[in-house]
Structures are given as C-alpha cells and as structure tokens.
> 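One structure, pasted below without further comment.
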Amino acid sequence: ENSDLPELALLLEELMDEKSDILKMNELLSVIRNDKNYFLLCAKNKGRILGTLIGIICYDLIGSCLPFMVIENVIVKKVGQRLGIGKKLMSAIEDIAKTNGCRYIMLISGIERLDAHPFYLRCGYKSEPYKGFKKMLIT
C-alpha cells in the first residue's frame with residue numbers, strides 16, 4: 001500500500017545504506033502493480049513491515065524459452081530475523097516463479113552480507129559454480 005512506503009523506504013535503507021525517494025517510489029508502485037512480471041512482497045506483523053523482497057520474471061530465448069526470475073532487495077528487520085519471515089518470503093516468491101513456469105531463480109547477495117549467505121544456502125540456493133557480476137551504471 002502507498003501508506004507503507006515510508007516504512008518500506010526505511011527498511012530498504014538498512015539494506016543499501018541509501019535513502020529512497022518516496023515520491024519516485026509512489027510513482028513506481030503503480031507501475032509495479034500493473035506489470036504482471038513484477039512481484040513486490042512484504043511481510044507484516046500488526047501492520048508493521050518486517051521484511052520485503054522483489055521478484056521479476058524475465059523472458060529467455062534459450063532452449064524451450066522458459067522464463068526465469070531474478071530476486072532483489074531481500075531484507076528482514078533485525079527484530080524479525082530467525083522467526084521464519086525470510087523463509088516465508090522466499091517460499092512465496094518461489095511459488096510465484098513455479099506458477100509462472102520459471103526454469104530457475106537467481107539472486108545476488110553482497111559479498112559483505114555474510115549473515116545472509118547461510119540463509120540463502122538453507123533456502124536451497126547455491127553459490128557455486130556460479131560467480132555473479134554486477135556493473136553499476138549510476139552511483
């Protein structure tokens with residue numbers, strides 16, 4: 001909901017240590033809602049956002065041309081960690097990927113987020129034999 005944007009912005013700031021533009025978030029929220037390939041999930045408890053992630057379905061031209069999903073901006077507030085919230089978010093987005101016929105899901109985690117890496121491994125994601133690359137176009 002649009003009224004959740006200030007709280008969502010604060011949570012995302014914990015992830016990237018960068019302030020989000022609430023007005024731009026407000027604009028993009030309607031774009032995301034109207035794009036069948038975007039999925040913004042938020043876990044809430046008593047009306048408060050405890051975790052979030054975004055999944056994006058991408059088209060592929062290899063083999064039988066099955067789509068794949070990219071997951072970004074995965075974060076659970078410190079007070080919500082180790083309560084199963086992240087697992088529920090990941091499970092929900094995986095269900096969406098399966099429902100949409102995705103061949104695989106990929107995500108990139110910052111190398112310094114050592115506390116998050118065991119979580120992704122427990123969720124069934126492998127870091128080998130892959131190596132992620134990311135080129136920032138705007139800093």
> Working to the nearest 0.5 angstrom, can you tell me the gap between Ile56 CD1 and Leu40 CG?
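Ile56 atom CD1 to Leu40 atom CG measures 10.0 Å (nearest 0.5 Å).
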> With the side chain counted from C-beta on, respond yes when Phe119 and Val76 share a heavy-atom pair under 4.5 Å apart, and no when they do not.
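Side chain of Phe119 against side chain of Val76, heavy atoms only: no contact under 4.5 Å found.
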> First locate atom CD1 of Ile75, then atom CG of Leu11, and finally report the distance between them rounded to the nearest 0.5 Å.
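That separation rounds to 4.5 Å.
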> Does any N or O in the side chain of Thr99 come within less than 3.5 Å of the main-chain N or O of Asp95, such that one atom is a donor and the other an acceptor?
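Yes, because the side chain of Thr99 sits within donor-acceptor range (under 3.5 Å) of the backbone of Asp95.
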> Looking only at non-hydrogen atoms, find the nearest pair between Leu66 and Arg103 and report the distance.
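The pair with the smallest heavy-atom distance is CB-CB, 3.9 Å.
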> Using every non-hydrogen atom in the two residues, find where Lys87 and Arg122 come nearest and quote the distance to one decimal.
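Heavy-atom minimum between the residues: NZ-O, 4.1 Å.
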> Has Asn34 got a side-chain atom pairing as donor or acceptor with Ser30's backbone, closer than 3.5 angstrom?
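At least one qualifying donor-acceptor pair exists.
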> Tell me, yes or no, whether the heavy-atom count around Asp17 atom CG, taken from other residues, nucleotides or ligands under 6.0 Å, exceeds 12.
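Check fails, neighbour count at 12 or below.
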> Do Asp21 and Glu27 come within less than 4.5 Å of each other through their side chains, counting heavy atoms only?
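Asp21 vs Glu27: side chains apart.
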> Quick check: closest heavy atoms across Ser20 and Met25, and the distance to 0.1 Å?
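Distance-wise, the nearest heavy atoms are CB-SD, 3.5 Å.
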> Measure the CD-CD distance between Glu13 and Glu18 for me, rounded to the nearest 0.5 Å.
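Interatomic distance, Glu13 CD to Glu18 CD, rounded to 0.5 Å: 9.0 Å.
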> About how many Å separate CG of Leu12 and CG of Asn73, when rounded to the nearest 0.5 Å?
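The CG atom of Leu12 is 5.5 Å from CG of Asn73, to the nearest 0.5 Å.
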> Donor-acceptor check, side chain of His117 to backbone of Gly110, threshold 3.5 angstrom: yes or no?
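Yes, His117 side chain to Gly110 backbone: donor-acceptor pair under 3.5 Å.
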> State plainly whether the residues Glu7 and Arg48 are in salt-bridge range, i.e. N to O under 4.0 Å.
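So Glu7 pairs with Arg48 through a salt bridge.
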> Within a radius of less than 6.0 Å around NZ of Lys44, do more than 12 heavy atoms belonging to other residues, nucleotides or ligands occur?
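Yes, NZ of Lys44 has more than 12 neighbouring heavy atoms, counting only those of other groups under 6.0 Å.
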> State the SG-CG distance between Cys102 and Asp60, to the nearest 0.5 angstrom.
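Here the rounded value is 10.0 Å.
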> Under 4.5 Å between any side-chain heavy atoms of Leu107 and Met90, yes or no?
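Leu107 vs Met90: side chains touch.
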> How close do Thr52 and Leu89 get, heavy atom to heavy atom, and via which atoms?
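So the two residues come closest at N-CD1, 3.6 Å.
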> Step through the shown structure and confirm whether more than 12 heavy atoms of other residues, nucleotides or ligands are within 6.0 Å of CE on Met16.
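Atom CE in Met16 is not crowded, with 12 or fewer foreign heavy atoms closer than 6.0 Å.
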> What's the shortest heavy-atom distance between Ile96 and Asn100, and which atoms?
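So the two residues come closest at O-ND2, 2.8 Å.
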> Over 60° means perpendicular and under 30° means parallel, so classify the ring planes of Tyr104 and Phe68, tilted if in between.
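Because their plane-to-plane angle is under 30°, the rings of Phe68 and Tyr104 count as parallel.
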> Identify the heavy atoms of Ile49 and Cys42 that sit nearest to each other, and give their distance.
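Heavy atoms only, the tightest pair is CD1-SG, 4.3 Å.
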> Please report the interatomic distance CD1(Ile93) to CG(Leu41), rounded to the nearest 0.5 Å.
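The CD1 atom of Ile93 sits 4.5 Å away from the CG atom of Leu41.
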